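Below is one structure, written out as structure tokens; comments come after it.
Keep in mind that this is a model prediction, so the values were computed, not measured.
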There are 4 protein chains.
Amino acid sequence: MAEVKVGIINVTGYIGMELARLLHRHPSVRLASITGRSAVGKGIGEVFPHLADINLTIEPELGQVDLAFAALPHGESAATVVAMLERGIKVVDISADFRLKDASEYRRWYKATHPALEHLKEAVYGLVELNRGQVAGARLVANPGCYPTGAILALAPVIKEGLIEPEIIVDSKSGVSGAGRALNLTTHYAEANENVYAYALDGHRHLPEMLQELRRLAPEPALSITFLPHLVPMTRGIFTSCYARLSGGEKSREDIVRLYQDFYRGETFVKVAVAPPQTKQTWGSNLCLIYPSVDIGTGTLIVVSCLDNLVKGGAGQAVQNMNLMLGFPEETGLEGLAVYP
Amino acid sequence: MAEVKVGIINVTGYIGMELARLLHRHPSVRLASITGRSAVGKGIGEVFPHLADINLTIEPELGQVDLAFAALPHGESAATVVAMLERGIKVVDISADFRLKDASEYRRWYKATHPALEHLKEAVYGLVELNRGQVAGARLVANPGCYPTGAILALAPVIKEGLIEPEIIVDSKSGVSGAGRALNLTTHYAEANENVYAYALDGHRHLPEMLQELRRLAPEPALSITFLPHLVPMTRGIFTSCYARLSGGEKSREDIVRLYQDFYRGETFVKVAVAPPQTKQTWGSNLCLIYPSVDIGTGTLIVVSCLDNLVKGGAGQAVQNMNLMLGFPEETGLEGLAVYP
Amino acid sequence: MAEVKVGIINVTGYIGMELARLLHRHPSVRLASITGRSAVGKGIGEVFPHLADINLTIEPELGQVDLAFAALPHGESAATVVAMLERGIKVVDISADFRLKDASEYRRWYKATHPALEHLKEAVYGLVELNRGQVAGARLVANPGCYPTGAILALAPVIKEGLIEPEIIVDSKSGVSGAGRALNLTTHYAEANENVYAYALDGHRHLPEMLQELRRLAPEPALSITFLPHLVPMTRGIFTSCYARLSGGEKSREDIVRLYQDFYRGETFVKVAVAPPQTKQTWGSNLCLIYPSVDIGTGTLIVVSCLDNLVKGGAGQAVQNMNLMLGFPEETGLEGLAVYP
Amino acid sequence: MAEVKVGIINVTGYIGMELARLLHRHPSVRLASITGRSAVGKGIGEVFPHLADINLTIEPELGQVDLAFAALPHGESAATVVAMLERGIKVVDISADFRLKDASEYRRWYKATHPALEHLKEAVYGLVELNRGQVAGARLVANPGCYPTGAILALAPVIKEGLIEPEIIVDSKSGVSGAGRALNLTTHYAEANENVYAYALDGHRHLPEMLQELRRLAPEPALSITFLPHLVPMTRGIFTSCYARLSGGEKSREDIVRLYQDFYRGETFVKVAVAPPQTKQTWGSNLCLIYPSVDIGTGTLIVVSCLDNLVKGGAGQAVQNMNLMLGFPEETGLEGLAVYP
């Protein structure tokens with residue numbers, strides 16, 4: 001069998017370097033080419049000593065590969081993605097450029113006209129557990145945002161079954177790496193350490209992703225979400241707490257758990273936890289742990305989820321998408337257990 | 001003027017030692033006696049080197065003082081508190097023993113018959129901003145729990161005005177010192193570091209405090225709260241995010257902010273923040289920062305609050321209560337600004 | 001080929017669970033049996049959710065395996081190790097019981113008569129880079145301590161060449177997981193967070209290991225080491241800074257670097273870094289990064305080293321030893337890159 | 001008595017804002033004017049919410065004050081300091097511009113000609129415990145660097161008495177706030193968290209300060225220091241470990257401790273700890289804890305010291321200098337105990 005080659009566009013961000021870590025150990029593909037917005041011409045091991053085993057130079061342009069991961073910022077990504085598609089290269093786009101199907105939503109949240117409307121339709125939202133079939137046949141997959149991954153997976157089962165009232169609260173707590181590698185006072189160590197706060201109180205760009213995917217599942221589209229992200233002092237991990245009133249008669253926690261177990265039965269990377277989960281239990285792995293619960297006193301469903309924002313919320317999910325797009329078993333190269341403690 | 005003497009019962013917990021720090025610098029009282037559940041007979045500086053300037057020995061029994069802080073665990077506290085009252089000593093009780101007015105609620109949440117029913121009625125819930133007058137005249141004040149302090153202060157203005165639907169979500173993120181100084185695997189460094197999770201999904205003992213105090217304010221008592229506490233990897237700080245539907249017509253953020261400013265006008269320790277606040281801005285101080293907001297898309301009120309769980313959520317609030325009980329200006333000894341970064 | 005089976009005695013400590021993580025993904029052995037000092041009868045996934053993919057129950061006694069890892073505390077380990085040897089099972093002992101060749105040193109540092117003198121002689125000190133041949137032929141390997149691994153690897157080249165004066169300073173900074181999973185006030189989160197300090201100022205048990213192995217290399221035995229370990233607020237990682245006067249004429253940093261490169265040429269897990277290394281560059285991997293330098297002003301050699309105390313300083317090194325003992329390529333199952341950031 | 005007014009030049013760095021915190025509560029001076037390199041025209045509470053109680057606007061130029069703290073970067077500071085002196089304003093200079101008496105050393109370490117040679121001679125190195133008399137009479141005090149404060153205080157007693165060999169190792173571990181508020185990849189949260197490393201292996205600018213002050217104390221000037229600073233993942237604190245051979249006959253730890261106790265007897269801010277100290281015990285306070293020890297096996301003196309780099313290593317020491325320069329008791333406004341945990 002001819003060797004399958006893959007490349008990373010912009011390896012120098014946190015998702016880019018995590019992709020390099022995962023792909024280096026992937027048994028079925030060869031990481032053959034990498035580019036960077038900085039450090040062009042340097043060996044990757046010079047820039048990132050932990051990747052010194054990867055014998056590649058950061059190039060200005062991607063070499064010929066079968067599939068590329070585009071890890072550029074939104075807005076910048078689309079043009080590069082299109083150029084890849086035109087070269088016959090499949091693409092997993094890490095940016096937000098192809099996630100929203102409705103171009104007016106893109107304009108509203110990203111304050112720009114969509115840069116590649118003609119490809120919006122073919123792009124598949126790469127949340128494998130919901131869109132597995134489409135991903136397998138896609139040549140362009142939009143890798144989900146880190147927050148939507150945790151929130152959608154937590155809510156999908158009850159929304160599909162129409163078990164909750166349509167007003168949902170999603171309260172997420174993210175590690176600081178989610179803010180990326182670009183320097184900013186809010187992610188300066190002395191500012192972020194020993195500190196917790198909410199941000200994006202006027203609305204976060206990941207909200208329309210959640211709405212888009214959950215509305216597709218819902219029997220009726222009246223869904224609304226209040227989403228509030230928080231920064232907590234750790235490097236990796238997102239903990240998402242979802243709240244909604246149960247509708248249509250009492251449900252026990254056991255009923256709900258059974259529903260979740262059925263919904264995610266057979267999934268490798270989404271597990272219904274038997275005890276309240278912790279982000280650390282997913283550290284460095286592609287796992288998303290989900291725990292549904294019922295607040296008896298108020299009839300409120302509480303579903304919490306944990307994941308590593310750079311893996312299931314980023315590079316790991318991207319590799320999971322790649323595996324499907326290239327015909328490999330979904331879990332290939334993603335079998336590593338979480339590193340704990 | 002005769003010198004006012006105060007004492008700390010069980011100085012060896014985190015609230016106890018924070019009380020010692022604050023009282024040592026208080027200009028109007030003298031910390032005259034301290035006891036401990038451990039380390040009896042040792043100088044406090046031997047046990048806690050940062051308190052070496054305090055020249056006191058940990059005693060088995062409290063000496064004669066005018067007011068005592070009881071920093072014992074719930075259940076254990078009540079008997080000691082009663083003994084102090086009988087000696088004519090005013091008491092600020094840090095434990096939960098006198099917080100709940102309804103003894104059946106105490107039984108339900110603390111799994112025990114209330115240990116001192118006869119004193120329950122006179123105890124004042126020491127959230128000064130709501131109960132200032134009662135505190136000033138009390139001889140027994142129940143110092144509020146750390147979570148209720150942040151949640152009640154965040155919600156009081158809109159509940160008093162009847163501006164929200166009665167179903168409220170309270171999602172709190174606490175630093176690890178809130179779990180106390182007793183050893184536990186969940187607060188073992190390697191377990192708690194780089195980790196976030198929810199706990200007490202079956203109900204947390206601080207919920208009935210929130211309900212009790214907020215129902216007293218509400219025009220109608222139909223209030224319900226779903227409360228979920230989370231542990232985040234930092235030592236001090238609680239960030240609380242409250243969510244509720246606005247009722248009775250549209251309100252702008254400006255309307256709500258004005259309401260909060262009016263409600264807390266003149267308060268030294270509760271401030272309506274002009275930008276989304278951070279727990280670190282309250283670190284080591286008696287400040288509670290509150291920031292109300294409106295999610296326009298869904299008509300949901302979001303109010304967040306920040307405080308230091310060991311100060312406004314513990315020892316600082318206790319000193320604030322003491323000041324009122326002893327007739328000193330409320331802010332005496334609590335003027336220190338937050339230590340940042 | 002018949003399958004090779006391995007077991008872990010006491011999987012419930014940090015080294016034990018890290019062994020489980022590594023062995024689960026090892027392509028040439030099967031983790032077949034695990035025991036624990038606690039949690040006997042439970043599935044490992046119940047106790048450690050991140051290990052839920054491992055389908056094993058914690059047993060009271062180890063089943064039949066070809067090689068066992070004994071991850072018991074010192075003193076307790078020896079008897080179990082001997083029992084394994086008698087059952088024909090090879091052993092990598094994580095404890096300190098077989099590290100010191102001189103039983104009087106054992107007595108001095110561990111305050112006990114050596115519990116299995118008759119096996120002391122055959123035990124090989126499992127620092128593969130120095131003792132590769134002996135390890136390959138051993139049936140009992142004593143896995144090195146975490147501090148000695150970093151210090152010995154940092155100093156071996158110059159000591160072997162006799163390039164430094166015999167008085168050496170070793171100043172190590174360790175993450176908190178090195179103190180293990182047993183509860184202790186010093187590793188309570190609120191105590192260890194935002195804190196640095198030295199401990200064992202009266203002498204640390206890892207010192208005689210350093211002396212034993214380095215004296216074996218030295219042309220003359222007059223070597224002395226002042227070793228001071230420090231605790232720093234992170235979970236994993238040891239940074240070791242070694243200081244010694246260069247002897248016998250001026251040496252440039254280039255000369256020294258060349259010596260180190262020659263010494264460690266061909267090693268998979270010890271690398272001479274091209275820039276000052278950081279512990280995070282080894283996080284979760286079996287890598288030890290070494291960086292020698294010369295303080296020109298004083299003629300002092302400075303060599304620093306980084307490793308993950310639970311991998312190269314523990315479970316990873318144990319697997320490296322196992323690989324040699326069982327005839328597998330040394331790096332098998334240890335190829336994972338560091339997880340960064 | 002006429003009110004004494006003080007000002008802060010560049011309040012927007014970490015030392016500047018810590019000065020504001022301390023001076024706001026100082027009973028004998030009034031913080032009357034502040035300037036900033038950024039945020040001119042804004043109220044300080046807008047920029048730093050934890051300082052909202054301070055009712056001052058950040059000005060482009062300092063108003064009339066009796067004493068100014070110059071918290072500018074080195075090189076930039078000197079011209080401003082001179083301008084203040086010419087206006088008759090006493091100055092505590094936080095920068096390094098006036099610390100080194102030998103202008104050629106300044107040139108060597110700061111790669112620039114000294115910008116104000118004519119004032120170098122009158123500047124007093126503001127380590128109060130060594131230079132108290134000179135500080136009291138000075139109009140220009142150079143506030144010591146954070147590392148030199150911890151190292152000089154740790155070594156002064158034995159160097160003055162000539163008790164150690166002249167080759168000294170100083171290994172320091174600093175929290176990240178020591179690197180300041182300017183953005184840098186090394187202080188980006190995700191990079192600095194869970195990480196330890198040495199830096200400035202080619203020499204650090206704080207070394208000549210240590211040598212200058214310690215050589216002034218030494219009976220013979222042959223002193224040399226190998227100084228290696230390390231970054232550890234915490235916000236505040238410096239832990240310094242000093243190593244040197246004891247000379248001239250055996251000394252017990254008791255002998256050495258007595259020497260240190262005698263040397264620092266009566267000092268408010270330097271204490272000889274009775275047990276190995278921790279940086280956290282000095283958090284937010286002006287305390288420096290020192291603990292001398294002897295490694296019996298090698299005859300090596302080990303002295304460790306702890307301080308808060310922003311207080312005794314910065315703003316607190318600056319206020320201590322100010323107190324002396326203005327004739328106030330040295331401890332005025334610095335009585336706050338460390339905030340622990």
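In this structure, CZ in B:F227 is found 11.0 Å from CG in A:D295, a value given to the nearest 0.5 Å. Taking CD1 of A:I296 as the reference point, atom CG of B:D202 lies at 8.5 Å (rounded to 0.5 Å). The CE atom of B:M234 lies 12.5 Å from the CE atom of A:M234; values are rounded to the nearest 0.5 Å. One distance of note links OG of B:S293 with CG of A:L201; it measures 5.0 Å at 0.5 Å rounding. One finds the CD atom of B:E167 at 9.5 Å from the CD atom of A:E165 (value rounded to the nearest 0.5 Å).
With B:K280 contributing its side chain and A:V196 its backbone, the two residues share no donor-acceptor pair below 3.5 Å. Between the side chain of B:E194 and the main chain of A:T235, a donor-acceptor pair closer than 3.5 Å is present.
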| field | Intermediate values then yes/no, side-chain contact (heavy atoms from CB on, under 4.5 Å), A:W283 and B:N195 | value | CA-CA 9 Å; A:W283 214 97; B:N195 201 3; over 6 Å; no
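Counting heavy-atom pairs closer than 4.5 Å to chain B, the top residue among A:G203, A:S224, A:A198 is A:A198. Per-residue heavy-atom pair counts under 4.5 Å with chain A were compared for B:P276, B:P233, B:P277, and the maximum is reached by B:P233.
Contacts between residues 170-183 of chain B and chain A, defined by a heavy-atom separation under 4.5 Å, are made by B:D171, B:K173. At a heavy-atom cut-off of under 4.5 Å, chain A is reached by B:T300, B:I302, B:V304 from residues 299-314 of chain B, listed in order of number.
Of the two parts of B:T226, the backbone and the side chain both hold a non-hydrogen atom closer than 4.5 Å to a non-hydrogen atom of chain A. Within the 4.5 angstrom heavy-atom criterion, only side-chain atoms of B:I169, from C-beta onward, approach chain A. Within the 4.5 angstrom heavy-atom criterion, no atom of B:L231 approaches chain A. With a 4.5 Å cut-off on non-hydrogen atoms, B:R245 touches chain A through its side chain but not through its backbone. Proximity to chain A is absent for every atom of B:Y199, based on heavy atoms less than 4.5 angstrom apart.
Among all heavy-atom pairs drawn from A:A190 and B:P341, the shortest one is O-CB, 3.3 Å.
You'll find the side chain of A:F239 stays beyond 4.5 Å of the side chain of B:V232, heavy atoms only.
Using modelled atom types and a 3.5 Å distance limit, the side chains of A:Q281 and B:Y197 yield no donor-acceptor pair.
For CG of A:D102, the number of neighbouring non-hydrogen atoms (other residues, nucleotides, ligands) closer than 6.0 Å is greater than 12.
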